[in-house]
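Read the structure below first, then the notes.
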Number of protein chains: 2
Amino acid sequence: MDNRKCTDRLDRKGIRVTPIRILVLDALMKASGTMSLADLETELETVDKSSIFRTLEIFEKHHLVHSIDDGTGSVKFEVCESEDDCSIADMHTHFYCEICHKTFCLKDISAPLVDLPEGFSARSVNYIIKGVCPSCARG
Amino acid sequence: MDNRKCTDRLDRKGIRVTPIRILVLDALMKASGTMSLADLETELETVDKSSIFRTLEIFEKHHLVHSIDDGTGSVKFEVCESEDDCSIADMHTHFYCEICHKTFCLKDISAPLVDLPEGFSARSVNYIIKGVCPSCARG
DNA sequence: GATTCCATTGCAACCGGGTTGCGGCATATA
DNA sequence: TATATGCCGCAACCCGGTTGCAATGGAATC
């Protein structure tokens, strides 16, 4: 576990460093895709659900992670790509297969952003396409 | 209540007509925007939650209505625009204000659809932008 | 007309993700 | 050392959604 890297990043975001916050951030950074609260609970079995919850809450408020609602009923979390700021450009496309109920993370397809009516300002985008994935289409 | 119109539409979709289904469909058609299960429960106080739930399930399966997950924790329902088929073109943009927690239905902005990798086929799009709405921006 | 069958519905209970109150412990501040 | 503040675990709670089951009712069959 890269303790140092986590500590630095928390510092830079102005988040007080604690052992649990390091654990959670480390797990998120190591994860290949997104992680749900339940995923983190499983991964960090010594840490209480509510602590993880509150940690994620803080991370999100400080734009260290962002959440994706893929419509499966459990919100997913992901470390923001850019080190210093979490921009809308970080938001990419997700695909949910209605057959096998898996969520795919299409990292290289960034979520489109439409022109909004006067007065609306966007801070994040939740873009999820539902349909049938390749392997379910074949079989 | 336009009983006839509802009955016809149910018929055309191959959905067996029942009093409750007429009530639910009528409420949805009359609604200015989207409705949640809870909204319908309030509107149709004589009808049980589970009955509404199952009715919506059937409606959705027959592509008479579609659901939108706006990230508020309660799924919204909406009658498909086109009479005969519910196409992806029906899906429009939704905006969720992080300050006042309201969901706006931007009916005239259709949800964009990105090119998916080989093998993925899209059946619906869930596109929701989060940010600050005009009245909250004003302060 | 009587009987059988199956879809529909209401009720109540359940489920699971998320959230909160609170008390204890640790850490910081005076 | 005394005092405040923040962090954490536990347990309980909340709420939207979902399911099992029994009763009802209408259509199909005898």
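Remember, it's a predicted structure, so these values are computed and weren't measured experimentally.
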> Nearest to the side chain of A/D48, which nucleotide is it out of D/dG16, D/dG9, D/dC7?
Replying inline: D/dG9
>> Run the side chain to side chain donor-acceptor pair (under 3.5 Å) test against B/D39 and tell me which residues pass, sequence neighbours left out.
In response: B/S36
> Within this structure, what is the CG-to-P distance between A/L10 and D/dG6, rounded to whole angstrom?
Replying inline: 17 Å
> Going by side-chain heavy atoms closer than 4.5 Å, which hydrophobic residues are tied to B/I128, directly or by a chain of links?
Replying inline: B/Y96
> Residues two or more places apart in sequence or in another chain: which of them pass ring-ring contact (aromatic ring centres under 6.0 Å, His included) with B/F95?
Replying inline: A/F120
>> Rounding to an integer number of Å, can you tell me how far A/R21 CZ sits from D/dG9 P?
In response: 11 Å
> Listed by chain and number, what are the side chain to side chain donor-acceptor pair (under 3.5 Å) partners of B/T18, not counting sequence neighbours?
Replying inline: none
> To the nearest angstrom, how far is B/L37 atom CG from D/dG17 atom P?
Replying inline: 5 Å
>> On the side chain of A/S50, is there an atom forming a donor-acceptor pair with the base of D/dC10 - under 3.5 Å, no angle test?
In response: yes
> Within this structure, what is the CD1-to-P distance between A/I20 and D/dC10, rounded to whole angstrom?
Replying inline: 10 Å
> Mapping B/T46 and B/K49 onto DNA chain C by nearest heavy atom, which one lands closer to the 5' end?
Replying inline: B/T46
> When rounded to the nearest 0.5 angstrom, what distance separates CD in B/E57 from OG1 in B/T55?
Replying inline: 9.5 Å
>> So, using ring-ring contact (aromatic ring centres under 6.0 Å, His included) as the criterion, who are the partners of A/F59 when residues are at least two apart?
In response: none
> Atom CD1 in A/I22, atom OG1 in A/T7: separation rounded to 0.5 Å?
Replying inline: 4.0 Å
>> Of all nucleotides in DNA chain C that come within under 4.0 Å of a heavy atom of chain B, which is furthest toward the 5' end and which toward the 3' end?
In response: C/dA7 to C/dC11
>> Please report the distance, rounded to the nearest Å, between CD in A/E41 and C1' in D/dA11.
In response: 14 Å
> When the distance from CG of B/D39 to C1' of D/dC15 is rounded to whole Å, what number comes out?
Replying inline: 15 Å
> Listed by chain and number, what are the side chain to side chain donor-acceptor pair (under 3.5 Å) partners of A/E41, not counting sequence neighbours?
Replying inline: none
> Under a 4.0 Å heavy-atom cut-off, which of residues 51-62 of chain A touch DNA chain C?
Replying inline: A/F53, A/R54
Acceptor/donor pairs from residues 44-54 of chain A side chains to any protein atom, 3.5 angstrom cut, sequence neighbours excluded:
residue	atom	partner	partner atom	Å
A/D48	OD2	A/S50	N	2.9
A/D48	OD2	A/S50	OG	2.6

